[in-house]
Every structure is written in structure tokens, then in C-alpha cells.
Visitor: 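One structure is given below, represented as C-alpha cells, and several questions about it will come after.
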Amino acid sequence: ATELKIQPFAFLLRNTLDQLVEIDTNKIFCEPVDRDEVPDYYVHIEQPMDFTTMREKIAEQKYRTMDDFQNCLSYNSKDTVFYRAGLKLRDQFSTVLPLHQCVSHYR
Ligand SMILES: CCOC(=O)c1ccc2c(c1)NC(=O)[C@@H](C)N2
């Protein structure tokens, strides 16, 4: 693919993001948290993140780290589907993370 030659890292990051989107079967992390649905979310979370925003940031070469799962684990109580989904994503992503660390060092 030509994009592999032009932006190899964006290509790699986008593929990794696609894997996360696939794991997020309940689509909890795909869009920014809805202020009407969760009014106090933005009170607790300074740096909200979601997969749609990450895709835009990859395209703009402004890649974010995956610390953003901490948002989910700090906002939601342990007994929620949201908290468990955040754990699942973080744990499954941690197998890919070392790759990202070397990518980000390289960049
Ligand atoms: C109407 C109740 O909705 C929620 O409690 C809720 C709704 C959406 C959420 C969320 C919680 N927690 C999160 O971490 C982000 C990713 N999304």
C-alpha cells in the first residue's frame, strides 16, 4: 500500500487501533463520552479520549499514548461494564504496547 511507504507509523498505529476497535464489542470507547448521557464525566476526566479522536490524531501525526484507559478505570466503579471493558482493552492491548513504545521512541 502506498500509505505504508508515505506514513509507515500511521499505518501501524491505525492497524493497532483497528484491533482495539474489534475487541471493544460493546462500542464503549468508539466515540467521545456524551455530555448529556454522562453529565459529570468531564468534571472527573481532564483528558478524555476515544477511538474516533485517536484515529484523527493518528492522521494528524499527533499520536496519543494508551494511558487513556486510566480515565475509564478511574471514572467508573469496579462493578460496571465500563470498568471491566477498560481492563479488558488495557490487558489485551498491553501485548501490543511494547511495539508502540519502540515506535514512539523511534519517532
Ligand atoms: C447513563 C450511564 O452511562 C454511563 O454511566 C456511562 C456512559 C458512557 C461511558 C461511561 C459511563 N464510562 C466511560 O468510561 C466512558 C468510556 N463511556
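All ligand and atom numbering here is 1-based and tracks the order in the structure.
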Visitor: Could you tell me, atom by atom, which parts of ligand 1 come under 4.0 Å of a heavy atom of Ile28?
Guide: 16 (C)

Visitor: Is the closest side-chain heavy-atom distance between Asp50 and Cys30 below 4.5 Å?
Guide: no

Visitor: Tell me which one of Leu73, Val33, Asp24 gets a heavy atom nearest to atom 15 (C) of ligand 1.
Guide: Val33

Visitor: Examine distances only and state if a side-chain atom of Tyr42 and a backbone atom of Val33 form a donor-acceptor pair shorter than 3.5 Å.
Guide: yes

Visitor: Look up atom 2 (C) of ligand 1 and tell me if a protein heavy atom lies less than 4.0 Å from it?
Guide: no

Visitor: Identify the protein heavy atom lying closest to atom 5 (O) of ligand 1, giving its residue, its atom name and the separation to 0.1 Å.
Guide: Phe82 CE1, 3.7 Å

Visitor: Just do the salt bridge (Lys or Arg N to Asp or Glu O under 4.0 Å) check on Arg35 and Asp40 with the steps written out, would you?
Guide: CA-CA 8 Å; Arg35 286 177 192 279; Asp40 71 336; over 6 Å; no

Visitor: Return the option from Asn76, Thr80, Val81 holding the heavy atom at the smallest distance from atom 14 (O) of ligand 1.
Guide: Asn76

Visitor: Could you tell me the separation between the CG atom of Asn76 and the CZ atom of Phe82, rounded to the nearest 0.5 Å?
Guide: 6.5 Å

Visitor: Can Tyr41 be reached from Ile28 by stepping across I, L, V, M, F, W or Y side chains whose heavy atoms are under 4.5 Å apart?
Guide: no

